Colleague: 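Below you'll find the structure I mean.
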Amino acid sequence: MTVTHETQTPEAVDPASLHTPVIAWFDQHARDLPWRRPEAGAWGVMVSEFMLQQTPVNRVLAVYEQWLARWPRPADLAKEAPGEAVRAWGRLGYPRRALRLHGAAQAITERHGGEVPTEHAQLLALPGIGEYTAAAVASFAYGQRHAVLDTNVRRVFARAATGIQYPPNATTAAERKLARMLLPEDERTAARWAAASMELGALVCTARNEDCSRCPIAEQCAWRLAGKPAHVGPARRGQTYAGTDRQVRGKLLAVLREAVTPVPQSALDAVWHEPMQRGRALDGLVADGLVEPLENGHYRLPLT
DNA sequence: AAAGCGTGGTT
DNA sequence: TAACCAAGCTT
């Protein structure tokens, strides 16, 4: 049987021997991020998780602060027009996240009395919340015991436990099983471990230019002990962007974000020369609920 | 289940 | 410079 990078058996690792050094390292080196402060609350944690989906911390910080100042509770956002959420989202990218966060705020207001739900299943049922975000909110905001598998943690586990440079493109059952095996039994320790292992991946065990000299578990790292073998397997999915519908959508929505009043078709036509692709992109934005077409041929961010 | 979905900094 | 990378979700 061929052993691929996806089915490779993890080295025998003693979970407990990882928890203590990683958590101790976290105590020393954790960044002071606003959503980690007590006053952030579950809503702050949830907002940060939406914004951090595929978007770097540095770009999120300013928008996060403005967002929480303007909408300090889910109900505050829920009563706004969805277009205001899209506008406030600014240039974070993937603006459908803004729409979903707005929808999640409405659901929280209607179904959960305005409080971010504590149960993983209830979180998972909210728009824009998947496996990772549900676990992250439950763990970071409520101190619960969940395997929190984001790209950072997956990379740390791939290296430290499995001995490979990069995890598979999509999260596998084997990764989930490993994450559950490594999760501390004690709830408080598990929540600490989730944040600590993620931070380790973000600051030290990075995708490129990892710094093993600063790693608290370098001596136990299967990948390092194996001589840091180079990644084998399918290349990571490339994200071509230039000339795609995504780029056109971005340009169209940028015009609408800046506009205070509805925008004429001509203003949108100016952002892209090719009419077919331009029309397809605009139709897509309307279908997604990111843009509202008016009777008079003008467009705006959605009021409802 | 593979593809689509933004944006900008780094290498 | 083109490719890679960044706390994923949805269909």
Side-chain angles (χ1 to χ4, degrees), chain A residues 6 30-31 33-36 40 44-64 86 89-101 103-104 123-141 146-157 165-173 175 179 194-203 205-210 231 234-257 271 277 280-281 283-285 287-291:
Chain A
E6 298 201 18
R31 290 167 292 179
L33 300 171
W35 44 87
R36 286 179 177 162
V45 171
M46 184 175 142
V47 169
S48 77
E49 290 303 335
F50 270 75
M51 293 182 173
L52 288 164
Q53 291 168 2
Q54 301 283 280
T55 303
V57 166
N58 289 336
R59 204 174 311 161
V60 164
L61 287 168
V63 181
Y64 171 86
V86 174
W89 198 254
R91 306 187 68 77
L92 288 182
Y94 292 145
R96 293 192 292 195
R97 290 181 293 167
L99 235 36
R100 291 173 183 151
L101 180 52
L123 289 163
L124 198 55
L126 296 173
I129 294 193
E131 178 184 351
Y132 159 75
T133 304
V137 172
S139 180
F140 301 158
H146 293 283
V148 180
L149 264 187
D150 81 319
T151 188
N152 292 302
V153 175
R154 294 180 62 218
R155 187 173 54 248
V156 169
F157 289 179
Q165 186 178 21
Y166 296 119
N169 278 333
T171 305
T172 63
E175 287 182 275
S197 53
M198 187 176 311
E199 189 78 334
L200 186 63
L203 298 183
C205 193
T206 48
R208 287 182 290 188
N209 303 320
E210 73 282 352
H231 177 74
R236 327 204 63 188
R237 188 171 97 247
Q239 313 170 309
T240 51
Y241 181 66
T244 61
D245 286 6
R246 277 155 87 175
Q247 184 182 22
V248 183
R249 286 168 58 108
K251 287 179 179 295
L252 291 170
L253 205 57
V255 171
L256 294 166
R257 274 199 312 264
V271 308
Q277 188 177 27
R280 188 170 63 237
D283 287 349
L285 288 170
D288 287 347
L290 284 162
V291 171

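None of these values were measured; they are calculated from a predicted model. Chain letters run A, B, ... following the sequence lines, proteins first and then strands; every chain starts at 1.
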Colleague: Is any side-chain N or O of A/Ser48 closer than 4.0 Å to OP1 or OP2 of C/dA7?
Modeller: no
Colleague: Nearest to the side chain of A/Arg91, which nucleotide is it out of B/dC5, C/dA7, B/dT7?
Modeller: B/dT7
Colleague: What's the verdict on side-chain contact (heavy atoms from CB on, under 4.5 Å) for A/Val291 and A/Leu252, showing C-alpha distance, side-chain angles and the deciding distance?
Modeller: CA-CA 9 Å; A/Val291 171; A/Leu252 291 170; over 6 Å; no
Colleague: State which of C/dC5, C/dA7, B/dT7 makes the closest approach to the side chain of A/Arg208.
Modeller: C/dC5
Colleague: Would you state whether a donor and an acceptor, one from the side chain of A/Arg246 and one from the base of B/dT7, lie under 3.5 Å apart?
Modeller: no
Colleague: Using heavy atoms to find the nearest nucleotide of DNA chain C for A/Pro127 and A/Thr206 separately, return the residue whose nucleotide is more 5′.
Modeller: A/Thr206
Colleague: Distance check needed: C/dC5 C1' versus A/Glu210 CD, whole Å only.
Modeller: 14 Å
Colleague: When rounded to the nearest Å, what value does the distance between P atoms of C/dA7 and B/dA3 take?
Modeller: 23 Å
Colleague: Report yes or no: does A/Glu175 contribute a side-chain atom to a donor-acceptor pair with the main-chain N or O of A/Thr172 at less than 3.5 Å?
Modeller: yes
Colleague: Rounded to whole angstrom units, what separation is found between the CD atom of A/Glu49 and the P atom of C/dG8?
Modeller: 9 Å
Colleague: Rounded to whole Å, how long is the line connecting atom CG of A/Leu52 with atom P of B/dG6?
Modeller: 18 Å
Colleague: Using a 4.0 Å heavy-atom cut-off, does A/Val57 contact any base of the nucleic acid, only the sugar-phosphate backbone, or nothing at all?
Modeller: base
Colleague: Could you state the atom-to-atom distance from CG of A/Asp288 to P of C/dC9 in whole Å?
Modeller: 17 Å
Colleague: Given atom CG of A/Asn169 and atom C1' of B/dA3, what is their separation to the nearest angstrom?
Modeller: 13 Å
Colleague: Closer to the 5' end of DNA chain B via nearest nucleotide, is it A/Arg59 or A/Arg100?
Modeller: A/Arg100
Colleague: Looking at C/dA6, I'd like to know if its phosphate oxygens (OP1 or OP2) sit under 4.0 Å from a side-chain N or O belonging to A/Tyr94.
Modeller: no
Colleague: When all nucleic acid strands are considered with a 4.0 Å heavy-atom cut-off, which category describes A/Leu253: base, sugar-phosphate, or nothing?
Modeller: nothing
Colleague: What nucleotide among B/dT11, C/dC9, C/dC5 has an atom nearest to a side-chain atom of A/Asn209?
Modeller: B/dT11
Colleague: Can you tell me the distance, in whole Å, between the CG atom of A/Leu61 and the C1' atom of B/dG8?
Modeller: 15 Å
Colleague: Flag the pair A/Tyr64 / A/Leu92 as yes when at least one side-chain heavy-atom distance between them is below 4.5 Å, and no otherwise.
Modeller: no
Colleague: Nearest whole angstrom, please: distance from the P of C/dC9 to the CG of A/Leu99.
Modeller: 17 Å
Colleague: If the P atom of C/dC9 is compared with that of B/dG8, how far apart are they to the nearest Å?
Modeller: 23 Å
Colleague: Among C/dA7, C/dG8, B/dG6, which is the nearest nucleotide to the side chain of A/Arg249?
Modeller: B/dG6
Colleague: Would you indicate, yes or no, if C/dG8 has its OP1 or OP2 atom less than 4.0 angstrom from a side-chain nitrogen or oxygen of A/Gln53?
Modeller: no
Colleague: Can you list everything that forms a side-chain contact (heavy atoms from CB on, under 4.5 Å) with A/Glu131? Sequence neighbours excluded, please.
Modeller: A/Arg176
Colleague: According to a strict under-4.0 Å criterion, is A/Arg257 in side-chain N/O contact with OP1 or OP2 of B/dT7?
Modeller: yes
Colleague: Roughly, in whole Å, what's the span from NZ in A/Lys251 to P in B/dG8?
Modeller: 10 Å
Colleague: Could you list the residues that satisfy side-chain hydrogen bond (donor to acceptor under 3.5 Å, both in side chains) with A/Asn152, not counting sequence neighbours?
Modeller: A/Asp150, A/Arg155
Colleague: Distance check: side-chain N/O of A/Arg154 vs OP1/OP2 of C/dA6, anything under 4.0 Å?
Modeller: no
Colleague: Would you mind telling me which of B/dG6, C/dA7, C/dC5 lies closest to the side-chain atoms of A/Tyr132?
Modeller: C/dA7
Colleague: Side chain of A/Asp150: nearest nucleotide among C/dC5, C/dA7, C/dA6?
Modeller: C/dA7
Colleague: Which nucleotide wins on minimum distance to the side chain of A/Thr55, given the candidates B/dG6, C/dA6, B/dT7?
Modeller: B/dG6
Colleague: Describe the nucleic acid contact of A/Leu33 in one word from base, sugar-phosphate, nothing, applying a heavy-atom distance below 4.0 Å.
Modeller: base
Colleague: Under 3.5 Å, is there a donor-acceptor pair linking the side chains of A/Tyr132 and A/Glu49?
Modeller: yes
Colleague: Reckon A/Trp35 touches a base, only the sugar-phosphate, or nothing at all at heavy-atom distances under 4.0 Å?
Modeller: base
Colleague: Go through the steps to decide whether A/Phe50 and A/Arg100 satisfy the test side-chain contact (heavy atoms from CB on, under 4.5 Å), and finish with yes or no.
Modeller: CA-CA 9 Å; A/Phe50 270 75; A/Arg100 291 173 183 151; 4.1 Å; yes
Colleague: Under 4.0 Å, heavy atoms only, any strand: does A/Gln247 hit a base, just the sugar-phosphate, or nothing?
Modeller: nothing
Colleague: Is any N or O donor-acceptor pair between the side chain of A/Thr151 and the base of C/dG8 shorter than 3.5 Å?
Modeller: no
